[in-house]
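Okay, structure first, notes after.
Here, residue 1 is the first one in the sequence, and each next residue gets the next number.
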Amino acid sequence: MFETLEDSLSRITPHRRAGSVIAVDTGSLQVTGVQGFAGLGDRVAIDCASSGTAGAPSRVPGEIVALSAQGARVMTYGPTDGLTLGARVWLEPDLPVLPGPGWAGRVVDAFGMPLDGRPLPQGPAPVRLRREAPPANERRLLGPRLRTGLAALDTMLPLARGQRIGVFAGSGIGKSSLLADLARGVEADRVVVVLIGERGRELREFIEHTLGPEGMARAVVVVATSDQSPLIKRRAAWMGMAVAEAFRDAGEHVLLLVDSLTRFAEAHREVALTSGEPPSLRAYPPSTAALIAGLAERAGPGLARAGQGDITGVFTVLVAGSDMEEPVADITRGILDGHVILDREIAERGRFPAIDIRRSVSRALPGVASGPENALLSRARRLLGIYEQALPMIQTGLYAAGSDAQIDEAIRLHQGLDALFARRSASVEDSFAGLAEALGAPPPGRKPA
């Protein structure tokens with residue numbers, strides 16, 4: 001307790017630095033007088049001429065996003081209305097964030113402040129929001145396969161401990177429901193949910209109904225709503241990762257759910273363009289790829305020598321019109337250890353989760369499955385491929401039964417496979433037993449009669 005107090009006291013500066021505003025526009029302002037002692041990413045507070053309660057002056061918080069010999073460019077966390085030339089700009093300390101077990105079941109903002117108005121118990125040590133990933137050559141390999149409670153993921157798209165996967169989906173296809181299922185069903189000591197750019201009205205609905213008491217019992221939720229500054233949205237992702245790292249460093253297995261990487265990248269695009277970085281493909285600045293990779297690499301297996309746990313990461317990506325080649329989707333697909341694609345046509349015919357099994361990949365295979373299990377998975381994928389290729393002929397009535405034995409088998413077994421992918425499962429073994437039944441084969445590990 002005293003160590004934490006000493007650390008907090010050591011961060012208090014005996015004096016404050018200040019500059020002044022020399023230019024203001026709708027997105028940022030130019031500040032002079034801070035050269036030499038202000039750093040990139042430092043927080044500031046700007047005296048505002050507009051009146052607050054009972055005519056009291058207010059201060060607008062912000063952050064330094066660019067530096068030059070002439071001064072600093074500052075983006076604010078809120079509207080710039082009322083800011084005037086010559087207004088005083090104060091450098092503000094970034095208060096320490098101390099996640100701990102007492103954060104379970106709580107909702108915090110991008111600065112680690114509770115959103116329910118109740119005191120938030122502090123952990124033993126402060127965390128760094130922007131931290132390097134563990135050394136690649138010292139990290140553990142992926143751990144064992146995790147039970148998810150969903151037959152499609154327990155069989156065709158397994159999730160291993162320490163793996164990082166992407167969930168690619170358009171709006172309204174069941175992405176939030178899938179994340180809630182994972183938050184409730186995946187084997188983990190702790191769950192950290194990061195909601196970036198969510199509609200404010202949906203927060204309580206997600207927490208109370210979609211996630212529910214069962215999901216919240218072991219979860220920490222970090223939120224930045226859609227109306228907030230891009231600085232806050234970007235910071236929310238770093239805050240969520242830092243919270244997950246704190247639990248990982250304590251030896252726990254953490255499930256990290258980030259919704260979504262697209263809004264994180266869009267927030268960075270706005271910040272980077274304001275700071276003067278040139279736009280590139282679809283106006284995303286060149287630093288976008290490094291930013292996404294830097295965040296994703298912090299998840300994954302920990303260091304065995306340091307007694308760390310693991311962070312199993314699930315990152316959602318919004319793909320408008322199912323465009324898997326748009327910049328964020330393309331960058332993310334190459335960085336992560338697998339991708340799960342949700343398809344609107346599957347959702348529209350009522351199968352949830354609406355996972356397109358053929359286009360989805362888990363790079364944990366074949367390592368996390370046994371020989372008999374991999375044989376079942378290969379056969380199922382082959383039959384799904386044959387069915388999809390023959391589907392136009394089947395739908396138009398051009399295919400005659402008996403013309404091709406493989407197509408006949410794919411048609412006969414497709415309904416059972418499709419039903420399996422919508423099933424909940426009590427265990428991985430139960431899921432593979434269902435897959436074997438759908439394929440008319442003996443369960444893995446059982447010798448044919």
Flag, side chain of Arg43 to backbone of Ile64, donor-acceptor distance under 3.5 Å: no
Straight-line distance of Met241 CE to Leu295 CG, nearest 0.5 Å: 4.0 Å
Verdict with supporting geometry, Asp154 and Arg147, salt bridge (charged side-chain N to carboxylate O under 4.0 Å, His left out): CA-CA 6 Å; Asp154 283 349; Arg147 178 185 63 83; over 6 Å; no
Salt bridge (charged side-chain N to carboxylate O under 4.0 Å, His left out) between Glu297 and Arg164, worked out: CA-CA 9 Å; Glu297 281 296 325; Arg164 303 158 309 162; 3.2 Å; yes
No-hydrogen, no-angle side-chain donor-acceptor test under 3.5 Å, Asp430 and Ser425: no
Carboxylate-amine/guanidinium contact Arg106 Asp116, below 4.0 Å: yes
Check: Ser427 main-chain N/O paired with Ser431 side-chain donor or acceptor under 3.5 Å: yes
Side chains of Arg145 and Val428 in contact at under 4.5 Å (non-hydrogen atoms): yes
Asp181 and Arg424: CA distance, side-chain angles, deciding distance, salt bridge (charged side-chain N to carboxylate O under 4.0 Å, His left out) verdict: CA-CA 10 Å; Asp181 286 336; Arg424 312 279 171 168; 3.0 Å; yes
Nearest heavy-atom neighbours spanning Pro278 and Pro286: O-CD, 3.3 Å
Gap separating the CD atom of Gln228 from the CZ atom of Arg234, nearest 0.5 angstrom: 14.5 Å
Heavy-atom side-chain contact between Asp330 and Val328 under 4.5 Å: no
Val243 side chain near Met239 side chain, heavy-atom distance below 4.5 Å: yes
Salt bridge (charged side-chain N to carboxylate O under 4.0 Å, His left out) partners for Arg88, two or more places apart: none
Spatial distance of atom CG (Leu255) from atom CG (Leu159) [nearest 0.5 Å]: 7.5 Å
Distance, nearest 0.5 Å, that separates CZ of Phe168 from CG of Leu342: 10.5 Å
Crowding at CD, Glu345 (>12 non-hydrogen neighbours, <6.0 Å): no
Electrostatic pair Asp94:Arg128 at N-O distance under 4.0 angstrom: no
Validation row: Val314, Leu179 side chains within 4.5 angstrom (heavy atoms): yes
Val254 versus Ala244, closest heavy-atom pair with distance: CG2-O, 3.7 Å
Nearest-0.5 Å distance, CZ of residue Arg184 to CG of residue Leu211: 7.0 Å
Donor-acceptor under 3.5 Å (Trp90 side chain, Ile46 main chain): no
Salt-bridge contact Asp343-Arg349 (side-chain N to carboxylate O under 4.0 Å): no
Glu132 and Arg298 ion-paired at < 4.0 Å: no
Side-chain donor/acceptor of Glu270 to backbone N/O of Pro230, under 3.5 Å: no
Under 3.5 Å: donor-acceptor pair, side chain of Arg344, backbone of Ala354: no
Salt bridge (charged side-chain N to carboxylate O under 4.0 Å, His left out) between Asp189 and Arg248, intermediate numbers included: CA-CA 10 Å; Asp189 301 312; Arg248 178 204 63 193; over 6 Å; no
Chi angles and distances behind the side chain to side chain contact (heavy atoms under 4.5 Å, CB included) call for Val65, Leu231: CA-CA 9 Å; Val65 298; Leu231 291 168; 3.9 Å; yes
Close aromatic pair by centroid cut-off 6.0 Å: Phe352 and Phe421: no
Intermediate values then yes/no, side chain to side chain contact (heavy atoms under 4.5 Å, CB included), Asp42 and Glu63: CA-CA 6 Å; Asp42 282 355; Glu63 184 176 309; over 6 Å; no
Leu257 vs Phe315, side chain to side chain contact (heavy atoms under 4.5 Å, CB included): CA-CA, chis, key distance, verdict: CA-CA 6 Å; Leu257 306 173; Phe315 302 85; over 6 Å; no
Ser360 versus His339, side-chain donor and acceptor atoms under 3.5 Å: no
Leu195 CG to Phe206 CZ distance, which is reported to the nearest 0.5 Å: 5.0 Å
Trace of the side chain to side chain contact (heavy atoms under 4.5 Å, CB included) decision for Glu245 with Ile311: CA-CA 8 Å; Glu245 288 172 332; Ile311 299 176; 4.0 Å; yes
Donor-acceptor side-chain pairing of His268 and Thr288 below 3.5 angstrom: no
4.5 Å side-chain heavy-atom contact, Leu83 and Leu29: yes
Which atom of Gln30 lies closest to which atom of Ser68, heavy atoms considered: NE2-OG, 4.4 Å
Close side-chain approach of Leu365 and Pro158, heavy atoms under 4.5 Å: yes
Short side-chain to backbone donor-acceptor contact, Arg140 and Gly309, under 3.5 Å: yes
Residues Arg73 and Ser28: side-chain donor-acceptor under 3.5 angstrom: yes
Thr32 to Gln70 - nearest heavy-atom pair and separation: OG1-O, 3.6 Å
Validation row: Thr80, Val60 side chains within 4.5 angstrom (heavy atoms): no
Donor + acceptor pair across side chains of Gln163, Asp337 (<3.5 Å): no
Check ion pair Asp356-Arg358 (N to O, under 4.0 angstrom): no
Over all atoms of both residues, closest heavy-atom pair of Ala265 and Ile292: CB-CD1, 4.2 Å
Carboxylate-amine/guanidinium contact Asp418 Arg351, below 4.0 Å: yes
Which atom of Arg381 lies closest to which atom of Ile357, heavy atoms considered: NH1-O, 3.0 Å
Any side-chain heavy-atom pair of Ser260 and Val258 under 4.5 Å: no
Flag for Thr155-Glu373: side-chain donor and acceptor within less than 3.5 Å: no
Partner residues of Glu198 under the salt bridge (charged side-chain N to carboxylate O under 4.0 Å, His left out) criterion, sequence neighbours left out: Arg263
Side chain Thr262, main chain Leu318, donor-acceptor under 3.5 Å: yes
